[in-house]
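Reading through the structure tokens given below for one structure.
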Amino acid sequence: MSHPTDDILTDPVEAERLLASTGRELETLLARAAAVRNAGLAAAGRPGVVTYSRKVFLPLTTLCRDRCHYCAFVDTPAQLLRKKAPAYLDDAQILRIARAGAAQGCKEALLTLGDRPEDRWPEARAWLDAHGFASTIDYVAHAARLVTRETGLLTHANPGVMSAAELAALRPVSPSMGMMLETTSRALFETPGAAHHGSPDKDPALRLAVIEDAGRARIPFTTGILVGIGETLADRAASLFALRDAHARHGHVQEVIVQNFRAKPRTAMAAVADADRDAYLAAIAVARLILGPGMRIQAPPNLSDPAELASLLAAGVDDWGGVSPLTADHVNPERPWPHLDDLAAHTAAAGFTLVERLTAHPEYVRAPAAWIDPALHAAVASLAEPGTGLAGRARAATSRRRRGTALLETAATTPRELDAADWEHLLTATGDDLERLIRTADDLRRTTIGDTVSIVVNRNLASSGLHRAPVGAGAFGLADVEAIARDAASLGATELCIQGRLDPREDPRLYVDLVHAVRAAAPSLHLHAFRPQDVADLADRTTIGVPRAIAALRAAGVGTMPGTGVKVLDDDIRRRIAPGDLDVDRWLEIIRAEHAHGMRTSSVLFYGHIESAADRVAHLLTLRGLHDETGGFTEFVPIPLPGGGTRTAERSDLDEHRAMVAVARLLLNDGIRHIQIPWTRHGRAITAELLRSGGDDLGGTLLDGRMRPDTGVERGLELPFGDASRLAGSLRRRLRERTTTYGTPAEAAA
């Protein structure tokens, strides 16, 4: 019987050959790598365990002196000015993010930034001088010290190239550090037009020297390679052997990331193809065979489609890296983190258990005398599980609440500490107080969601016009549904949104038949279908009840459901302005049942009629409480009623909308992450202002398509993807196409 160490690769030529594996040879390679990984986990005392770190992402500055051709993280000072973003996060912004993360159980704060921006940008040098810092690295040390002292989070410093002295300066404040090697290819660094040309910090020799210095300093270090940026197979093999050799000398490389290149818009490499799937899997497997059973191999889970996560595990991965329940991946903002419950489910489906670790891996946490600076022993021990070195229970976050500016800080960091009166106070802000509210909410949006605006390519269909035998204007049948679905899919739509009660003379089973018709005609379309009223109609008129009605719709092919059909969650208001809506308890019952069946829904508030600020706040708190219970809401949509109505303060319509969006962002951000701006109600100019007030999503494109009849209350209103992209670009933000549940659409099969 062979031993896992028998499968360790020692020959670069053989490694290069295996990196080109496809077909059955690739399957054999993956099986070899998985066996080595499994043996390593068993030897570590945690067989079948895949780890991750629950983190917040702190982009201390997006200024950089490098010009990497694939990077979308960096900004110029002029770009920051147009976005009204700071050159560096200040202490208040850092703590706002860190405290919010601590409140959600995070234990890691990832400090990421550009390399030595002060060497290129006078604005960076001026900021550092004005705030009393000798260098950007000096500021990183300050930020790390501040975060751990005030929140208990452990920092993972990722500031790029550092000298031996700078590594030593950061060791007492950051228990682990990292820097991607990316590649040992000198051609990519020296050749004009290549990925790293013009980027002094991407000199492979310089980066290898940093990794060596980190080993001499006894720093648990994360590094890795980037697959698909123009390097050769020989370069990949050489890079992995270089990392193996550095670890053999010092024992400090705690994990190696094998990251797949993903092209980003508005970069020099935007037209370059993403890393080939087979080549990426082969790179992971070869990394495992070169680095051996004791190395942790990470693949970023947000850079692959969810369906591909099992193949990454099959290739030898045993760590997902840092995953945030709060903040965006600011380096890859177009690729949102998977929800931690979903990541755990995908991991379990592949036969593994997902377990949280700290920023320093367990082997290093269990040997603090050798690997952790004495100044951090207590902080690390307070978060570590005794014995295993994995993550233990997080200590409760605390804050000191006061009125004024401190009230806003509490809203942005620990919003659960505010009561209804506090939120009402914020919702009715005017003048300078309103502007501070807007800035705080949009700052929270930037640091948690990132500088993207999302949209789903979709079409609406009003099922109220559906008939078995259509007669008259606006009526249509199942054959029309099939044609509309096929047309929407051919135009690139990924979602068909369907809502509306059937004519009471129609057989209610027509709801289910409608779904079958769409699925048969366009199986690629996601069905976002049927409001609670529609579900109640099916449940009541067939007498099967709500749970069975939902199950029938889901079995037929409904994927998610609109949480509309309610104005404000108050029965007195409902009776006065929308007596045809479901009563509040019935609406809540159906939403709970949908979530219990695994159906996610949107959530809404219609405002500007007879409700008060207190009514709006009560509505938001009810939605937040329901999401705490079920986790089922995908987004919140604040919708103004046509023509306006009551205002909650003496201010303009625009300020009324801005305050509504801003308070929604602050109150819901730690649960319902996305605030959708209903552009059909506002128009594009006001929509842009509301995206600056904490909004991050535009809903759907609402393609009318080429097939008739016209269906949907918003017929005739379209926001083509190109127009939406220009709208986002006017705010210096990137447009991201999303799925209904805010994932990234899978690429169409070749």
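Atoms OG1 and NE2, from T739 and H526 in turn, are 7.5 Å apart once rounded to the nearest 0.5 Å. How far CG of L89 is from CG of L60: 6.0 Å, rounded to the nearest 0.5 Å. Between the CG atom of N260 and the CZ atom of R277 there is a distance of 11.5 Å, given to the nearest 0.5 Å. Between the OG1 atom in T61 and the CG atom in L113 there is a gap of 7.0 Å [rounded to 0.5 Å]. Here CH2 of W679 is found 4.5 Å from CG of L702. Values are rounded to the nearest 0.5 Å. The distance from atom CG of L58 to atom CZ of R96, rounded to the nearest 0.5 Å, is 12.0 Å.
Between E689 and R684 there is no salt bridge, since no side-chain nitrogen of the basic residue lies less than 4.0 Å from a carboxylate oxygen of the acidic one. Taking a cutoff of 4.0 Å between a charged side-chain nitrogen and a carboxylate oxygen, R99 and E409 do not qualify as a salt bridge. With salt bridges taken as basic N to acidic carboxylate O contacts below 4.0 Å, none links R436 and D443. Salt bridge present: E635 and R738 bring a charged side-chain N and a carboxylate O closer than 4.0 Å. A salt bridge does not link D442 with R692: every distance from a Lys NZ or Arg NE/NH1/NH2 to an Asp or Glu carboxylate oxygen is 4.0 Å or more. Under 4.0 Å is where a charged nitrogen must lie from a carboxylate oxygen, and between D319 and R296 no such pair does. A salt bridge links K202 and E182; the closest N-O separation between the charged side-chain nitrogens and carboxylate oxygens is under 4.0 Å.
Tested against D201 for a side chain to side chain donor-acceptor pair (under 3.5 Å), the candidates R207, R65, R116 yield a single pass: R65. Each of L690, L666, I438 was checked for a side-chain contact (heavy atoms from CB on, under 4.5 Å) with V661, and the lone residue meeting it is L690.
A donor atom on one side chain and an acceptor atom on the other are not found under 3.5 Å apart for T410 and E417.
Between G228 and A275, the shortest heavy-atom contact is CA-CB, 4.4 Å.
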Report task. With salt bridge (charged side-chain N to carboxylate O under 4.0 Å, His left out) as the test, would you mind laying out the steps for E356 and K107 before giving the verdict? Result -> CA-CA 10 Å; E356 186 183 359; K107 301 172 186 67; 2.9 Å; yes
Requested in this report: Please step through ring pair (Phe, Tyr, Trp, His ring centres under 6.0 Å) for the pair H131 and Y88, ending with a clear verdict.
Outcome: CA-CA 10 Å; H131 291 81; Y88 291 75; 8.3 Å; no
Query raised in the report: After noting the C-alpha distance and the side-chain angles of R732 and D451, does the key distance pass the salt bridge (charged side-chain N to carboxylate O under 4.0 Å, His left out) rule?
Result: CA-CA 8 Å; R732 306 303 302 174; D451 274 329; over 6 Å; no
Requested in this report: Step by step, work out the salt bridge (charged side-chain N to carboxylate O under 4.0 Å, His left out) result for D670 and R624.
Outcome: CA-CA 9 Å; D670 68 350; R624 187 176 72 179; 5.1 Å; no
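A donor-acceptor pair under 3.5 Å links the side-chain atoms of S174 to the main chain of A157, judged by distance alone. Side-chain atoms of D66 do not come within 3.5 Å of backbone N or O of C68 as any donor-acceptor pair. No side-chain donor-acceptor contact under 3.5 Å links Q104 to the backbone of G101. Checked by atom type and distance alone, the side chain of T222 never pairs as donor or acceptor with a backbone atom of V256 at under 3.5 Å.
With ring centers used as reference points, Y742 lies under 6.0 Å from H674.
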